[in-house]
Enquirer: 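Provided herewith is a single structure, encoded as structure tokens, for subsequent inquiry.
All values below were derived from every heavy atom in this structure, side-chain atoms included, with hydrogens, water molecules and symmetry-related copies excluded. Start at 1 and go down the list; that is how both ligands and their atoms are numbered.
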Amino acid sequence: MNTLSDSATRPRLPEGRNFIAGEWRDESGAERITVTDPASETVLGDIPCSSAATVDKAVRAARKAFNDPAWSNLAPMEREALLHRLAALVEQHADDLATIESLDNGKPIAFSSTLDVPLSAQWLHYFAGWPSKLSGRSMHPAVQPTGSHHAYTLRQPVGVVGAIVPWNFPLVLAIWKLAPALAAGNTVVIKPAEQTPYSLLKLAELIEAAGFPPGVVNVVLGDGRTTGQAIVDHPGVDKISFTGSTAVGKHLLTSAANDLKRVTLELGGKSPTVILPDADLETAIPGAAQAVFVNSGQICFAGTRLFAPRKHFDRILEGVAEAAKSFPVGAGLDPNSMLGPVVSQQQMDSILGKVEAGVKAGASTFCGGGRLDREGYFLEPTILVTDDAQNPAYREEIFGPVLTATRYDELDDIIAMANDSEYGLSANLYTSHFGLAHRLAAQLQAGTVWINTQLSPDPHIPFGGFKQSGWGRENGEDVFAHYTETKSVIASLA
Ligand code: NAP
Ligand code: MG
């Protein structure tokens, strides 16, 4: 059964229109960007490449909504009710959202229906709990006579948030920004990646249905260079929340420096999976395979550098390769698929180029290394073996189903090897030694360390990167440091 070519079974894809000030608007005269289904290489539709003038309309709408008492004076518990309502609508429309996500991005429906969409609803429910809990503190000035002054802090929304998201988890990552931004009382202008606009457009329909005031959330479609850049450059945007590549993240900082916008960055990674000699290999081997091959490796925190003890190296590699081969390959909408295509021709070419560069620099191919012989942007799960920490496949983020594997002899070397990266998003550790696991966790330069487990971000647990993996943290209470300003108020009691 190939449901992909059967358009009768597809849900209606939202039209490629902007959602600004509560209205769906065509962008007449704009260049159109084609959106493709990566499994069949066929066209799904097109979206406008919105101009700076359109971004300006969206920012003005967001500012107007931010200043409007219909939003700014809403009781915190009413903001909570709106977010819960949106979460319930996501649950009601779960099948459509999962199908749209799999069609657009290529990710297996087995994942979009059990991970992307349920996680999106959970994130909304979780952040719906926060508006009534966010508050300032009461305090006494330290150097004034006791009783002479009263001081307190207010936690106020930052204002208009410009959110820019990538294509690998289009719905989840949009909600990672929208949910806390709205919980804190901000308004938002958000741009999806040009490759995967549809789940966010569907979400905008649900935002409208949930009853958020017009202009609180605005969706502008377009590419990064034109539309994304216009958001970052706009003086009416108070804060940029960006998830994407480290290269673009660095570039955005230079633009945001003009008016010192607040900036949070969730960027790339080259995360280690470290298997210690005493690890339970029944857990570690499938864990290491999942860490890099799920979502065809297009996960920022994918465990892409495997470190295995020399004495177990061959067994571990054979096990990881076997686990990878056992994932049924198929289009996103194929219910049996566990390994979909990568998102685009461009991404596929980039991955293959990086594999080739790694091999040319001396890495040996343990398995995979090429494209699968079928239509669509399907790649073989690939393992490259290298002991050279300067090999480009070992150093650079590939963002595809590609693992480098490296042997180690001494436990004492492992922290230095794992930390030898410009990135520091996450690390995976497999061991049976409880105390050692926690000692090593403290030494790993990573925003998240998983011990004997993988792939479990949680709305209550901060997520973000050390080093060039980013600035700031998403999720949990920590995220509100980035979506609020603290104001100190000091009054004389004389
Ligand atoms: P990307 O090229 O940096 O794009 C990310 C987003 O930024 C897209 O919406 C893109 O628009 C936009 N953009 C590009 N240039 C821009 C500019 N000059 N001004 C404003 N916006 C601009 O990243 P990608 O290749 O699509 O996504 C993969 C990368 O994201 C990987 O490096 C991955 O590690 C990272 N990522 C990080 C996390 C995390 O949480 N740390 C999560 C997921 C992904 P268009 O694509 O429409 O041009
Ligand atoms: Mg697509």
Side-chain angles (χ1 to χ4, degrees), residues 16 31 33-35 46-50 52 55 104-105 107 116 162-177 189-197 200 219-234 237 240-256 261 263-271 292 294-304 342-344 346-351 354 396-400 402 421-426 446-448 455 457 462-475 479:
E31 197 187 308
I33 300 170
T34 303
V35 185
D46 59 44
I47 58 165
C49 185
S50 301
V55 168
D104 201 0
N105 167 278
K107 65 175 65 204
D116 298 66
I164 298 174
V165 290
W167 43 257
N168 61 337
F169 285 86
L171 183 66
V172 171
L173 294 178
I175 285 176
W176 278 27
K177 302 197 180 310
V189 174
I190 183 165
K191 186 194 95 62
E194 65 196 276
Q195 298 88 343
T196 54
L200 182 56
V219 179
V220 278
L221 304 170
D223 70 7
R225 217 154 31 111
T226 311
T227 316
Q229 188 68 48
I231 295 174
V232 179
D233 287 341
H234 200 295
V237 172
I240 293 293
S241 181
F242 173 78
T243 298
S245 62
T246 294
V248 173
K250 287 179 184 176
H251 166 76
L252 298 191
L253 282 181
T254 58
S255 310
K261 286 184 175 69
V263 178
T264 40
L265 301 171
E266 295 292 354
L267 306 176
K270 193 74 189 175
S271 299
V292 64
V294 164
N295 218 43
S296 298
Q298 303 164 120
I299 298 188
C300 50
F301 57 84
T304 48
V342 297
V343 75
S344 64
Q346 194 193 1
Q347 184 63 11
M348 182 175 73
D349 293 345
S350 153
I351 295 165
K354 288 181 174 178
E396 291 171 22
E397 183 177 54
I398 298 177
F399 222 59
V402 183
S421 169
E422 293 77 43
Y423 296 109
L425 193 55
S426 73
T448 299
L455 293 180
F463 181 85
F466 280 32
K467 301 192 275 187
Q468 296 192 34
S469 288
W471 276 3
R473 292 293 177 270
E474 297 200 281
N475 304 330
V479 75

Enquirer: Taking 4.0 angstrom as the limit and counting only heavy atoms of L425, give me the atoms of ligand 1 inside it, by number and element.
Expert: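 The list of qualifying atoms is 41 (N).
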
Enquirer: In Å, rounded to the nearest 0.5 Å, how long is the span from CD of E266 to OG of S241?
Expert: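 The distance works out to 7.5 Å.
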
Enquirer: Looking only at protein heavy atoms, which one is nearest to atom 34 (O) of ligand 1, and how far off is it?
Expert: E397 OE2, 2.6 Å

Enquirer: Do the ring centers of F463 and W176 come within less than 6.0 Å of each other?
Expert: yes

Enquirer: Enter the distance from D223:CG to C49:SG here, rounded to the nearest 0.5 Å.
Expert: 3.5 Å

Enquirer: In this structure, does ligand 1 have an atom that sits under 4.0 Å from one of the heavy atoms of F242?
Expert: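 Within the 4.0 Å threshold, so yes.
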
Enquirer: State whether the shortest distance between N or O atoms of E194 and N or O atoms of ligand 1 falls below 3.5 angstrom.
Expert: yes

Enquirer: Return yes or no for this condition: an N or O of F463 is under 3.5 Å from an N or O of ligand 1.
Expert: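 Not met; the criterion fails.
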
Enquirer: How about atom 4 (O) of ligand 1: does it have a protein heavy atom within less than 4.0 Å?
Expert: no

Enquirer: Counting from 1, what ligand 1 atoms have a heavy atom of N168 closer than 4.0 Å?
Expert: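 Checking each atom against N168, I get 43 (C), 44 (C).
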
Enquirer: What atoms in ligand 1 come closer than 4.0 Å to a heavy atom of G222?
Expert: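 Reading through ligand 1 atom by atom, the close ones are 47 (O).
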
Enquirer: Keeping the roles fixed (side chain from S296, backbone from Q298), state whether a donor-acceptor pair exists under 3.5 Å.
Expert: no

Enquirer: Among protein heavy atoms, which sits nearest to atom 41 (N) of ligand 1, and what does the distance come to when rounded to 0.1 Å?
Expert: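 Nearest neighbour among protein heavy atoms for atom 41 (N) of ligand 1, to 0.1 Å: L267 O, 2.7 Å.
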
Enquirer: Atom OG in S255, atom NZ in K261: separation rounded to 0.5 Å?
Expert: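 Answer for the OG-NZ pair, S255 versus K261, is 8.0 Å.
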
Enquirer: Is it true that a side-chain atom of N105 and a backbone atom of W167 form a donor plus acceptor pair closer than 3.5 Å?
Expert: yes

Enquirer: Please write down residue, atom name and distance for the protein heavy atom closest to atom 9 (O) of ligand 1.
Expert: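 Protein heavy atom with the smallest distance to atom 9 (O) of ligand 1: V165 O, 2.8 Å.
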
Enquirer: Minimum distance, heavy atoms only, to atom 16 (C) of ligand 1: which one of P197, G224, A193, S469 is it?
Expert: G224

Enquirer: CG/L173 to CD1/I175 distance, rounded to the nearest 0.5 angstrom?
Expert: 10.0 Å

Enquirer: How does T243 reach ligand 1, if at all, at less than 4.0 Å between non-hydrogen atoms: by side chain, backbone, both, or neither?
Expert: both

Enquirer: Out of S245, A247, G268, whose heavy atom is nearest to atom 29 (C) of ligand 1?
Expert: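 Among S245, A247, G268, the closest heavy atom to atom 29 (C) of ligand 1 comes from S245.
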
Enquirer: Below a 4.0 angstrom heavy-atom separation, can you tell me which part of Q298, side chain or backbone, both or neither, approaches ligand 1?
Expert: neither

Enquirer: Within a reach of under 6.0 Å around CD of Q346, are more than 12 heavy atoms found that belong to other residues, nucleotides or ligands?
Expert: no

Enquirer: Atom 11 (O) of ligand 1: which of Q229, K191, K270, R225 has the nearest heavy atom?
Expert: K191

Enquirer: Please identify which atoms of ligand 1 are closer than 4.0 Å to at least one heavy atom of H251.
Expert: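 It comes down to these atoms of ligand 1: 18 (N).
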
Enquirer: Using distance alone, decide if ligand 1 has a nitrogen or oxygen within less than 3.5 Å of any nitrogen or oxygen in T246.
Expert: no

Enquirer: State if S255 counts as touching ligand 1 under the rule of any non-hydrogen atom under 4.0 Å.
Expert: no

Enquirer: Is the cationic atom of K354 (NZ for Lys, CZ for Arg) positioned less than 6.0 Å from the six-membered ring centroid of F399 and within 45 degrees of its normal?
Expert: no

Enquirer: So how far is it from T304 OG1 to K270 NZ, rounded to the nearest 0.5 Å?
Expert: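 Taking OG1 in T304 and NZ in K270, the distance rounds to 4.0 Å.
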
Enquirer: Would K177 and T264 satisfy side-chain hydrogen bond (donor to acceptor under 3.5 Å, both in side chains), going step by step from the backbone distance to the final call?
Expert: CA-CA 10 Å; K177 302 197 180 310; T264 40; 5.7 Å; no

Enquirer: At under 4.0 Å between heavy atoms, is it the side chain or the backbone of L252 that contacts ligand 1, or both, or neither?
Expert: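 It is the side chain that gets close, since no backbone atom is under 4.0 Å.
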
Enquirer: Any N/O of V232 closer than 3.5 Å to an N/O of ligand 1?
Expert: no

Enquirer: Evaluate the side-chain contact (heavy atoms from CB on, under 4.5 Å) criterion for residues W471 and L253: first the C-alpha distance (whole Å), next the side-chain angles of each, then the deciding distance (0.1 Å), finally the verdict.
Expert: CA-CA 11 Å; W471 276 3; L253 282 181; 3.3 Å; yes

Enquirer: Should you measure from each heavy atom of L173, which atoms of ligand 1 turn up under 4.0 Å away?
Expert: 42 (C), 43 (C)

Enquirer: For P166, is at least one N or O under 3.5 Å away from an N or O on ligand 1?
Expert: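 So ligand 1 has no N or O lying under 3.5 Å from an N or O of P166.
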
Enquirer: Checking a contact table here: which protein heavy atom is nearest atom 28 (C) of ligand 1, and how many Å away?
Expert: F399 CE2, 3.5 Å

Enquirer: Drop me the distance from E194's CD to T226's OG1, to the nearest 0.5 angstrom.
Expert: 9.0 Å

Enquirer: Take S50 and T227 through the side-chain hydrogen bond (donor to acceptor under 3.5 Å, both in side chains) test and state the conclusion after the steps.
Expert: CA-CA 6 Å; S50 301; T227 316; 4.9 Å; no

Enquirer: Which residue and atom name correspond to the protein heavy atom nearest atom 20 (C) of ligand 1, and how close is it?
Expert: G228 C, 3.1 Å

Enquirer: Answer with side chain, backbone, both or neither: which part of I299 has a heavy atom less than 4.0 angstrom from an atom of ligand 1?
Expert: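 The answer is neither.
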
Enquirer: Looking only at protein heavy atoms, which one is nearest to atom 12 (C) of ligand 1, and what is the separation?
Expert: I164 CG2, 3.6 Å

Enquirer: Could you find the nearest protein heavy atom to atom 35 (C) of ligand 1 and give me its residue, atom name and distance?
Expert: G244 O, 3.0 Å

Enquirer: Spell out, as yes or no, whether a donor-acceptor pair under 3.5 Å connects the side chain of K107 to the backbone of N168.
Expert: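 Checked: pair present.
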
Enquirer: Identify, by atom number and element, the atoms of ligand 1 in contact range of Q195, meaning under 4.0 Å from any of its heavy atoms.
Expert: 46 (O)

Enquirer: Return the option from S426, C300, P457 holding the heavy atom at the smallest distance from atom 42 (C) of ligand 1.
Expert: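 Residue with the shortest heavy-atom distance to the ligand atom: C300.
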
Enquirer: Any atom of ligand 1 sitting under 4.0 Å from a heavy atom of E474?
Expert: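 Per 4.0 Å heavy-atom rule, E474 does not contact ligand 1.
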
Enquirer: State the atoms of ligand 1, each with its element, that fall below the 4.0 Å cut-off from a heavy-atom position in D223.
Expert: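 With D223 as reference, the close atoms of ligand 1 come out as 47 (O), 48 (O).
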
Enquirer: Please evaluate residues Q347 and Q195 with respect to the criterion side-chain contact (heavy atoms from CB on, under 4.5 Å), reporting the C-alpha separation (whole Å), side-chain torsions for both, the decisive distance (0.1 Å), and the verdict.
Expert: CA-CA 11 Å; Q347 184 63 11; Q195 298 88 343; over 6 Å; no

Enquirer: Can you tell me which residue and heavy atom of the protein come closest to atom 25 (O) of ligand 1, and the distance to 0.1 Å?
Expert: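 Checked against all protein heavy atoms, atom 25 (O) of ligand 1 sits closest to W167 NE1, 3.8 Å.
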
Enquirer: Before giving the answer on side-chain contact (heavy atoms from CB on, under 4.5 Å), spell out for F242 and V248 the whole-Å C-alpha distance, their side-chain angles and the decisive distance to 0.1 Å.
Expert: CA-CA 9 Å; F242 173 78; V248 173; 3.5 Å; yes

Enquirer: Would you mind telling me which of L200, I164, V220 makes a side chain to side chain contact (heavy atoms under 4.5 Å, CB included) with I190?
Expert: L200

